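Report on the structure given below.
Labels below follow one simple rule: chain letters A, B, ... track the order of the sequence lines, proteins then strands, and each chain is numbered from 1. Predicted model, so just to flag it, every value in this text is computed and none were measured.
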There are 2 protein chains.
Amino acid sequence: MCKEIVEKVRNDHTSGASELSRLAAECFITFSSKKESKKESKLFEEALKLGRSLISAQPYMAPIFNLVNSILYAIEEKKDTFSDNQIRELVKSKAQDFIQNSLASLEKIGQYGETLVEEGSTVLTHSSSGSILAILKKAKVEGRNFKVIATESRPMLEGKILARFLGEEGIPTTLIVDAAVGAVIKQVDLILVGADSISETSFVNKVGTKYLALLAQENNMPLYVACERSKFISKVWRIKPKSDGDPEEVLTEKFKNVKAMNPYYEEVPLSFCRGIMTNEGMFMHSDVSNFIRQTRMSKKLTEELKSLRK
Amino acid sequence: MCKEIVEKVRNDHTSGASELSRLAAECFITFSSKKESKKESKLFEEALKLGRSLISAQPYMAPIFNLVNSILYAIEEKKDTFSDNQIRELVKSKAQDFIQNSLASLEKIGQYGETLVEEGSTVLTHSSSGSILAILKKAKVEGRNFKVIATESRPMLEGKILARFLGEEGIPTTLIVDAAVGAVIKQVDLILVGADSISETSFVNKVGTKYLALLAQENNMPLYVACERSKFISKVWRIKPKSDGDPEEVLTEKFKNVKAMNPYYEEVPLSFCRGIMTNEGMFMHSDVSNFIRQTRMSKKLTEELKSLRK
């Protein structure tokens, strides 16, 4: 049963980190409800094994890492005093809390973030982020009138889908090619982008985000990153995706001496953004490193990851 | 006969400025060979009329402007002392010189520019420029081994065609989406881009060029612009294209509240580039303004343009 969910997490290339981390939490709930009696010492080993396979199923997704770490840390703290059943209850409640937090997070990001969008302003965004959509929808619901300029976001054009969603919400949206952000920047008041992960001094997002960051800097324009708090992860533990996207998404023809390269993500220094809007409120970029440092790490997971990275 | 050529210049949306300016020069050769006798005073008026219609056929193409201006200036200088036939000869020889210069210019740009490409280096380019192709081809002919990273250049993907040309010349070329330049910049040694026009303090090129410029600045990486000398034009006389590209090149679907915008060109400060490589050799960006200032302008054309711009 758990194995099936792990495989589902591994083979899902369309859902976001948020959705898949909730699936991973479901996996821990299933794990905790197993009736077979086990030696207490084995229970932690098995949770660790499950966590490891979930992390390696989507090594790039910070929320899955953080879910696994928080559960293993909780077990480590209690395993000398708790009974087998108490440990199972602990795992279950941790996983359930995670799911509830995750489900509420977009609404909270929308609530905290909507005030960034001023009446009559034009917002530029790149690629497609659920957090950005939540902020813009909430600003619209609150009665704000504003425009959005969205990039199509090659190669998979997810920006076009975001534009359609925004239009359906009644937000006037203009779609442009990714290269055109510099040509429209003078019309923009605010830049909002999502993130795949946030580390001590940088965030990771779709390629092209750096262009918006450089333009924000050059034009002294506010750029905010919005994402769930569960995407904060130390650079030490962040695992880079092994491969780029399929080169055929860029070039299907066969030309002599020509190949395609299709990097999906890039790292952008946090110093380019005015703040990071999360479901726990706004973080200043200078605070992020402190918050990440305070994450309590599971000893066993730390050891395992260290050996994995050798 | 002349009218037909003017219409051909006006309706050609695929040839470059270089090719169309040679067609415009052919037009002046045809004009100069007209046998009908005319009052001397009328000849200049007719040349001016022809020049005006050629400029307005492709108002954005600096080489056409410069061709027209140089011919009108030459007539103005001589019209009080030259006979009707001498003026015709003058126009013809000016136009022929222009065509010869233009035809030789790519080869010269290649010769001057190829030394920029170092053995074992990786060159990044954006969109498609005949001048850049000339430089890279010449560097290859000279036996240099190097790689090129080329952007596809949405919406019309002319970068893909450039990549094919480069590959056919035996140059290993990697195609990327426009947004990915930031993700590959650390692999790059040299950035080369073309220009549609060069003015006192800025150049105009395909949208997305600004991203390369900002990355060059951030990474202290050499960026050179290469183009024909005939693309130098004062900001005062440069006419901006009235409309962007067809929005359907960006979005064909109809989404509620969503429109597309398709700007083709953007202005980039010359301060971002180390030099401007032309068929007359390399210009430092600080010299460009002096060279443009020294352009001798036709009085009559100046007056006409001033009134056009009111």
Side-chain angles (χ1 to χ4, degrees), chain A residues 126-127 148-155 157 160-161 163-185 187 206-215 217-218 244-245 247 249-251 253 255-268, chain B residues 126-127 148-155 157 160-161 163-185 187 206-215 217-218 244-245 247 249-251 253 255-268:
Chain A
H126 176 57
S127 185
V148 172
I149 299 176
T151 58
E152 58 177 8
S153 206
R154 280 274 292 151
L157 304 174
K160 211 155 88 171
I161 298 165
R164 182 161 62 82
F165 285 162
L166 292 170
E168 282 165 3
E169 298 292 327
I171 302 165
T173 302
T174 302
L175 193 74
I176 57 171
V177 297
D178 302 325
V181 285
V184 303
I185 197 71
Q187 304 169 37
K206 181 78 190 285
V207 290
T209 304
K210 184 68 179 280
Y211 193 11
L212 280 72
L214 289 167
L215 289 168
Q217 187 183 53
E218 193 191 30
D244 296 340
E249 290 168 5
V250 181
L251 183 70
E253 297 96 319
F255 299 145
K256 198 179 157 192
N257 298 315
V258 178
K259 61 171 183 163
M261 199 158 58
N262 189 14
Y264 267 16
Y265 301 102
E266 69 188 352
E267 216 175 317
V268 180
Chain B
H126 176 57
S127 185
V148 172
I149 299 177
T151 57
E152 58 177 10
S153 206
R154 279 275 291 151
L157 304 175
K160 212 156 88 171
I161 298 164
R164 183 161 63 82
F165 286 161
L166 292 170
E168 282 166 4
E169 298 292 327
I171 302 165
T173 302
T174 302
L175 194 73
I176 57 171
V177 298
D178 302 324
V181 285
V184 303
I185 197 72
Q187 305 168 37
K206 182 77 190 282
V207 291
T209 304
K210 184 67 179 281
Y211 193 10
L212 280 74
L214 288 167
L215 289 168
Q217 187 182 54
E218 194 192 29
D244 295 340
E249 290 168 6
V250 181
L251 183 69
E253 299 95 319
F255 298 145
K256 198 180 157 192
N257 298 315
V258 177
K259 61 171 183 164
M261 198 158 56
N262 188 14
Y264 267 15
Y265 301 102
E266 68 188 353
E267 216 176 318
V268 180

Leading residue by heavy atom contact count with chain A [cutoff under 4.5 Å; candidates B:Val250, B:Thr151, B:Ile171]: B:Val250
Portion of [X] that has a non-hydrogen atom of chain A nearer than 4.5 angstrom:
X	result
B:Asn257	both
B:Glu267	neither
B:Leu157	neither
B:Val148	neither

Pick from [options]: which one has the most heavy-atom pairs with chain B under 4.5 Å?
options	answer
A:Met261, A:Lys256, A:Gln217, A:His126	A:Met261
A:Ser153, A:Ala183, A:Gly170, A:Ala179	A:Ala179
A:Lys206, A:Lys210, A:Glu253	A:Lys210

Spacing of CG belonging to B:Leu251 relative to OG1 belonging to A:Thr174, to within rounding of 0.5 Å: 10.5 Å
Check: A:Leu175 and B:Lys259 side chains under 4.5 Å, non-hydrogen atoms: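 No, too far: nothing below the 4.5 Å cut-off.
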Residue pair A:Val184 / B:Pro263: nearest heavy atoms and the distance that separates them: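 Heavy atoms of A:Val184 and B:Pro263 come nearest at CG1-CG, 4.5 Å.
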A:Gly208 versus B:Tyr211, closest heavy-atom pair with distance: CA-OH, 4.3 Å
Sequence neighbours excluded, every pair satisfying side-chain hydrogen bond (donor to acceptor under 3.5 Å, both in side chains) that has a member inside residues 163-172 of chain A: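 The answer is A:Arg164-A:Glu168.
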Verdict with supporting geometry, A:Arg154 and B:Asp178, side-chain contact (heavy atoms from CB on, under 4.5 Å): CA-CA 8 Å; A:Arg154 280 274 292 151; B:Asp178 302 324; over 6 Å; no
Non-neighbouring partners of A:Glu249 that pass side-chain hydrogen bond (donor to acceptor under 3.5 Å, both in side chains), sequence neighbours left out: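 side-chain hydrogen bond (donor to acceptor under 3.5 Å, both in side chains) list for A:Glu249, sorted by chain: A:Asn262, A:Tyr264.
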Audit row: A:Val258, B:Leu166, side-chain contact (heavy atoms from CB on, under 4.5 Å) steps and yes/no: CA-CA 8 Å; A:Val258 178; B:Leu166 292 170; over 6 Å; no
